[in-house]
*Asks:* 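Okay, here's the structure, questions in a sec.
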2 protein chains.
Amino acid sequence: MPTSTLAIGALAKRTGVKIPTIRYYESIGLLPEAPRTGSNRRTYDEASVRRLRFIRHARELGFEVEAIRQLLTLADDPGGPCREADVLARAHLAEIESRITRLEALRDEVRRMVEGCAQDQVRSCHVIEVLADHAHCLHERH
Amino acid sequence: MPTSTLAIGALAKRTGVKIPTIRYYESIGLLPEAPRTGSNRRTYDEASVRRLRFIRHARELGFEVEAIRQLLTLADDPGGPCREADVLARAHLAEIESRITRLEALRDEVRRMVEGCAQDQVRSCHVIEVLADHAHCLHERH
DNA sequence: TTAGAATCTCCAGCGACTGGAGGATTGAGG
DNA sequence: CCTCAATCCTCCAGTCGCTGGAGATTCTAA
């Protein structure tokens, strides 16, 4: 095996994604089928590391596999079929912005909880009220 | 049934959480066991609406049921056992801040994609690079 | 009073992993 | 060269967090 390629275990270590998960991503087509060695072992390169790290971060941020698949397609093909890609990208952008807004509201409340706690004061907590507030919800359908 | 109480279907409509999901949350203890009518139907009130909306938003933001359970416990008992609660709340706070940072990086890149697309320019996309960047990752273990 | 809507419980299925069983391959130390 | 732990392979069953269908009961409104 050339020194420039990685075994699945090395890829796992460098990305923080578990080995079975990497195989799972390949099985559902999020990662391309890895080239195999003569003894049938998967080989990876630096591009695999970047792609897999992207997938991992996006998953941690709560994006579904299908959304990630779309984002990857967009990224793989910049300046591609713009009309469709644009609609897609804008939808993702709106979703991302919505999450940021709601996370900031949550952060402010939890921060207040922590501060109140540090000062050892008994104060009421509004975490639920803040996040339950319909105004913070960007969905229309309810 | 008193007019001030809600049936499960009404709760579902007001929170955007599906009926089976509400029953599921009760089964795993995220929601308390709902009082029943004489004919065994669950009844809810305004507090249920707030609690359930909180759960919904937190889930959408990617928090696990276990984290939500902890947050709810904290919120239910403000000024409670401060030492433990403080550690917990601070951990959640760090996690929330990490998510915001990473979402902002993603937002900036997707925004650039959308803008590039609107101008109909063929330009390279750095979404993967940005999110794959180890610097944006606040985990230590890899 | 009776059709249809809403609820109940139970249970099976899905998305996204996660890990164990059983077997082959590799590569560092003796 | 040989061994043996480490690493990899495939297959498959299990977990978490829902989601929805089946069949039975209850409520509501004409």
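Protein chains get the first letters and strands the later ones, always in sequence-line order, with residue 1 at the start of each.
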*Asks:* Can you tell me the distance, in whole Å, between the CZ atom of A/Arg36 and the C1' atom of D/dC8?
*Replies:*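 Result: 10 Å.
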
*Asks:* Taking only the side-chain nitrogens and oxygens of A/Ser39, find out if one of them lies under 4.0 Å from OP1 or OP2 of D/dC8.
*Replies:*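 For D/dC8, neither OP1 nor OP2 has a side-chain N or O of A/Ser39 closer than 4.0 Å.
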
*Asks:* For D/dT25 and B/Arg41 - does any side-chain N or O of the residue sit under 4.0 Å from the phosphate oxygens OP1/OP2?
*Replies:*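 Result: no.
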
*Asks:* Is there a side-chain contact between B/Arg42 and the phosphate of C/dT9, meaning an N or O under 4.0 Å from OP1 or OP2?
*Replies:*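 The answer is yes; a side-chain N or O of B/Arg42 sits under 4.0 Å from OP1 or OP2.
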
*Asks:* Take atom CG of B/Leu30 and atom P of D/dG17, then tell me their distance rounded to the nearest Å.
*Replies:*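 Between P of D/dG17 and CG of B/Leu30: 9 Å.
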
*Asks:* Using heavy atoms and a sub-4.0 Å distance, could you list which residues of residues 19-29 of chain B are near DNA chain C? By number, please.
*Replies:*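 Listed by number, they are B/Ile19, B/Arg23.
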
*Asks:* In whole angstrom, give the distance that lies between atom CG of A/Leu6 and atom P of D/dC8.
*Replies:*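 Atom-to-atom, A/Leu6 to D/dC8, this comes out as 11 Å.
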
*Asks:* Consider side chain to side chain contact (heavy atoms under 4.5 Å, CB included). Of A/Thr43, A/Leu11, A/Thr37, which one does A/Thr5 pass it with?
*Replies:*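 Going through the options one by one, the only one that passes is A/Thr43.
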
*Asks:* Between B/Asn40 and A/Ile55, who's closer to the 5' end of DNA chain C by nearest nucleotide?
*Replies:*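 The 5'-side residue here is B/Asn40.
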
*Asks:* Is there a donor-acceptor contact under 3.5 Å from the side chain of B/Ser98 to the main chain of B/Ala94?
*Replies:*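 A pair under 3.5 Å: no.
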
*Asks:* Can you tell me how far C1' of D/dC16 sits from CD of A/Glu64, to the nearest Å?
*Replies:*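 Distance, rounded to whole Å: 15 Å.
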
*Asks:* If the cut-off is 4.0 Å, is B/Lys18 near the phosphate of D/dG20, judged by side-chain N/O to OP1 or OP2?
*Replies:*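 Yes, B/Lys18 has a side-chain N/O under 4.0 Å of OP1/OP2 on D/dG20.
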
*Asks:* What's the CD1-P distance between A/Ile8 and C/dT25, to the nearest Å?
*Replies:*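 From A/Ile8 CD1 to C/dT25 P: 17 Å.
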
*Asks:* What distance do B/Glu26 atom CD and B/Tyr44 atom OH have between them, rounded to the nearest 0.5 Å?
*Replies:*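 Going from the CD atom of B/Glu26 to the OH atom of B/Tyr44 covers 5.0 Å.
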
*Asks:* Is B/Arg111 salt-bridged to B/Glu104, going by a charged N under 4.0 Å from an acidic O?
*Replies:*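 Between B/Glu104 and B/Arg111 there is no salt bridge, as every charged N stays at least 4.0 Å from the carboxylate O atoms.
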
*Asks:* Of all residues at least two apart in sequence or in a different chain, which pass the side-chain hydrogen bond (donor to acceptor under 3.5 Å, both in side chains) check with A/Glu64?
*Replies:*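 A/Glu64: no side-chain hydrogen bond (donor to acceptor under 3.5 Å, both in side chains) contacts found.
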
*Asks:* Determine whether more than 12 heavy atoms belonging to other residues, nucleotides or ligands lie under 6.0 Å from atom CD of B/Glu33.
*Replies:*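 For B/Glu33, atom CD is not crowded (no more than 12 foreign heavy atoms under 6.0 Å).
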
*Asks:* What is the separation between atom CG on A/Leu31 and atom P on C/dA16, rounded to the nearest whole Å?
*Replies:*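 Interatomic distance, CG of A/Leu31 to P of C/dA16: 14 Å.
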
*Asks:* Within this structure, what is the CZ-to-C1' distance between B/Arg56 and D/dT19, rounded to whole angstrom?
*Replies:*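 These atoms are roughly 16 Å apart.
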
*Asks:* Can you confirm whether B/Ile19 sits close enough to B/Arg23 that some side-chain heavy atom of one is under 4.5 Å from a side-chain heavy atom of the other?
*Replies:*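 In contact.
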
*Asks:* Specify the separation, in whole Å, of atom CZ of A/Arg59 and atom P of D/dG17.
*Replies:*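 It is 13 Å, rounded to the nearest whole Å.
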
